[in-house]
Amino acid sequence: MADTDWADWQRSWDRQQEWYMPDREERFRVMLDMVEALVGPKPRVLDLACGTGSITDRLLRRFPEAVSTGVDLDPALLAIARGTFEGDGRVSFVTADLKDPAWTAALPYDTYDAVLTATALHWLHSGPLTTLYGQVAGLVREGGVFMNADHMIDTATPRINAAERAQRHARMDREKAEGVLDWADWWALAAKDPVLAEPTARRYEIYGEHADGDMPAPGWHADTLRAAGFGEARPVWCSPSDTLLLAVK
Ligand SMILES: C[S@@+](CC[C@H](N)C(=O)[O-])C[C@H]1O[C@@H](n2cnc3c(N)ncnc32)[C@H](O)[C@@H]1O
């Protein structure tokens with residue numbers, strides 16, 4: 001493990017994710033602005049479906065006194081996360097399936113100031129996501145926050161959606177022709193890496209390419225979070241394709 005360049009894997013993960021979401025860093029910045037605004041600069045954070053720990057990385061760069069728990073099920077992405085933050089006492093990682101009714105029992109803390117997630121919950125269908133939102137409401141302290149940055153589709157605007165999608169895919173096609181790695185290309189690289197090959201094989205047994213889920217509209221997320229016990233919920237940022245939804249307990 002000692003020879004693996006974790007920073008290099010982080011960079012290539014970021015480039016691959018940015019191909020889908022060019023505004024990804026802006027989304028993280030606004031997320032952390034809202035963390036600071038609502039719970040201050042020393043938060044205890046749950047990085048939900050953390051992947052390689054992208055949110056945790058931005059969090060600790062900006063708020064060195066924060067602490068973070070990352071939770072995910074993917075053994076390869078967690079290997080990169082654990083390698084990156086090895087020896088950092090502010091960070092711990094938990095392997096858990098967010099669809100497991102008992103997943104919160106594996107966490108090191110009972111409550112968090114902020115539960116943050118990005119580009120992940122569209123892997124769940126709306127039934128399991130409703131259950132998850134109920135569990136998240138139980139983890140966020142009174143006055144704490146939950147934020148979900150993800151692709152959220154409002155089916156009431158089909159012409160806008162189709163135009164946005166066509167333009168986004170045209171850009172992606174151009175960049176792909178210039179050599180950008182997509183999801184499948186990136187995983188093909190991981191499968192060839194001496195350290196990541198084994199956890200990559202396991203993640204394909206767990207997920208296949210990736211799990212199927214839903215992308216409900218921002219209003220659905222806000223309503224479901226309020227029904228789960230949050231006092232307020234609304235978008236605090238959006239791009240043509242993505243929304244950052246903030247809920248306050
Ligand atoms: C596209 S990645 C995003 C990772 C990270 N949040 C980021 O922005 O780079 C989606 C993540 O959701 C995780 N995930 C999806 N379904 C999950 C589940 N049921 N339990 C735990 N993690 C899950 C995947 O393993 C993956 O790491």
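Each residue takes its place number in the sequence, starting with 1. Given the structure is predicted, the values throughout are model-derived calculations rather than measurements. Both ligands and their constituent atoms are indexed starting at 1 by order of listing.
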**Request:** Could you tell me the residue and atom name of the protein heavy atom closest to atom 15 (C) of ligand 1, and the distance to it rounded to 0.1 Å?
**Result:** Trp123 CE3, 3.2 Å
**Prompt:** If we only count N/O pairs under 3.5 Å, is Ile55 in contact with ligand 1?
**Reply:** no
**Request:** Decide whether Asn148 and Thr117 meet the rule of one side-chain donor and one side-chain acceptor closer than 3.5 Å.
**Result:** no
**Fill in**
Asp74 heavy atoms within 4.0 Å reach ligand 1 at atoms 25 (O)
**Min heavy-atom dist Ala211 to ligand 1 below 4.0 Å** = no
**Prompt:** Looking at Ala96, which atoms of ligand 1 are within less than 4.0 Å of one of its heavy atoms?
**Reply:** 20 (N), 21 (C)
**Prompt:** Looking only at protein heavy atoms, which one is nearest to atom 5 (C) of ligand 1, and how far off is it?
**Reply:** Cys50 O, 3.5 Å
**Request:** May I ask you to identify the nearest protein heavy atom to atom 8 (O) of ligand 1, giving residue, atom name and distance to one decimal place in Å?
**Result:** Ala118 O, 3.5 Å
**Message:** Yes or no: does Tyr207 have any heavy atom under 4.0 Å from an atom of ligand 1?
**Reply:** yes
**Message:** Could you identify the single nearest non-hydrogen protein atom to atom 20 (N) of ligand 1 and state the distance to 0.1 Å?
**Reply:** Leu98 N, 2.9 Å
**Prompt:** Between Tyr20 and Thr119, is any side-chain donor less than 3.5 angstrom from a side-chain acceptor?
**Reply:** no
**Asked** Are Gln135 and Thr104 close enough that a side-chain donor and a side-chain acceptor fall under 3.5 Å?
**Response** no
**Request:** Would you please name every residue forming a salt bridge (Lys or Arg N to Asp or Glu O under 4.0 Å) with Arg24, sequence neighbours left out?
**Result:** Asp14
**Prompt:** Which part of Ser54 is near ligand 1, with near meaning a heavy atom under 4.0 Å away: side chain, backbone, both or neither?
**Reply:** side chain
**Prompt:** Which atoms from ligand 1 have a heavy atom of Ala49 less than 4.0 Å away?
**Reply:** 4 (C), 5 (C), 6 (N), 11 (C), 12 (O), 13 (C)
**Prompt:** Are Arg27 and Asp150 close enough for a salt bridge, meaning some N to O gap below 4.0 Å?
**Reply:** no
**Request:** Would you indicate which of Thr119, Leu124, Leu132 comes nearest to atom 2 (S) of ligand 1 when only heavy atoms are counted?
**Result:** Thr119
**Item:** Gly51: numbered ligand 1 atoms lying under 4.0 Å from its heavy atoms
**Value:** 4 (C), 27 (O)
**Prompt:** Does Arg24 reach ligand 1, in the sense of a heavy atom lying below 4.0 Å from it?
**Reply:** yes
**Request:** Output all residues satisfying side chain to side chain contact (heavy atoms under 4.5 Å, CB included) with Ile160, sequence neighbours left out; order by chain, then residue number.
**Result:** Thr157
**Message:** If we set the cut-off at 4.0 Å for heavy atoms, which region of Gln17 has an atom near ligand 1: side chain, backbone, both, or neither?
**Reply:** side chain
**Asked** On the ring face of Tyr112, is Arg141 found with NZ or CZ under 6.0 Å from the centre and within 45° of the axis?
**Response** no
**Prompt:** Counting only heavy atoms, which portion of Trp13 has something under 4.0 Å from ligand 1: side chain, backbone, both, or neither?
**Reply:** side chain
**Message:** Which heavy atom of Thr200 sits nearest to which heavy atom of Ala76, and what is that distance?
**Reply:** OG1-CB, 3.7 Å
**Prompt:** Is the side chain of Asp47 donor-acceptor paired with the backbone N or O of Thr56 at a distance under 3.5 Å, no angle test?
**Reply:** yes
**Request:** Please work out which of Thr117, Leu73, Thr56 has its closest non-hydrogen atom nearest to atom 22 (N) of ligand 1.
**Result:** Leu73
**Asked** Would you say Asp173 has more than 12 foreign heavy atoms packed within less than 6.0 Å of its CG?
**Response** yes
**Request:** Determine whether the side chains of Trp186 and Ser12 contain a donor N or O and an acceptor N or O closer than 3.5 Å.
**Result:** yes
**Message:** If we set the cut-off at 4.0 Å for heavy atoms, which region of Leu77 has an atom near ligand 1: side chain, backbone, both, or neither?
**Reply:** side chain
**Asked** Shared ILVMFWY cluster between Val67 and Val35, side chains joined below 4.5 angstrom?
**Response** no
**Request:** Looking only at protein heavy atoms, identify the closest one to atom 27 (O) of ligand 1 and say how far it is in Å.
**Result:** Asp72 OD2, 2.7 Å
**Prompt:** Among protein heavy atoms, which lies nearest atom 19 (N) of ligand 1, and at what distance?
**Reply:** Asp97 OD1, 2.9 Å
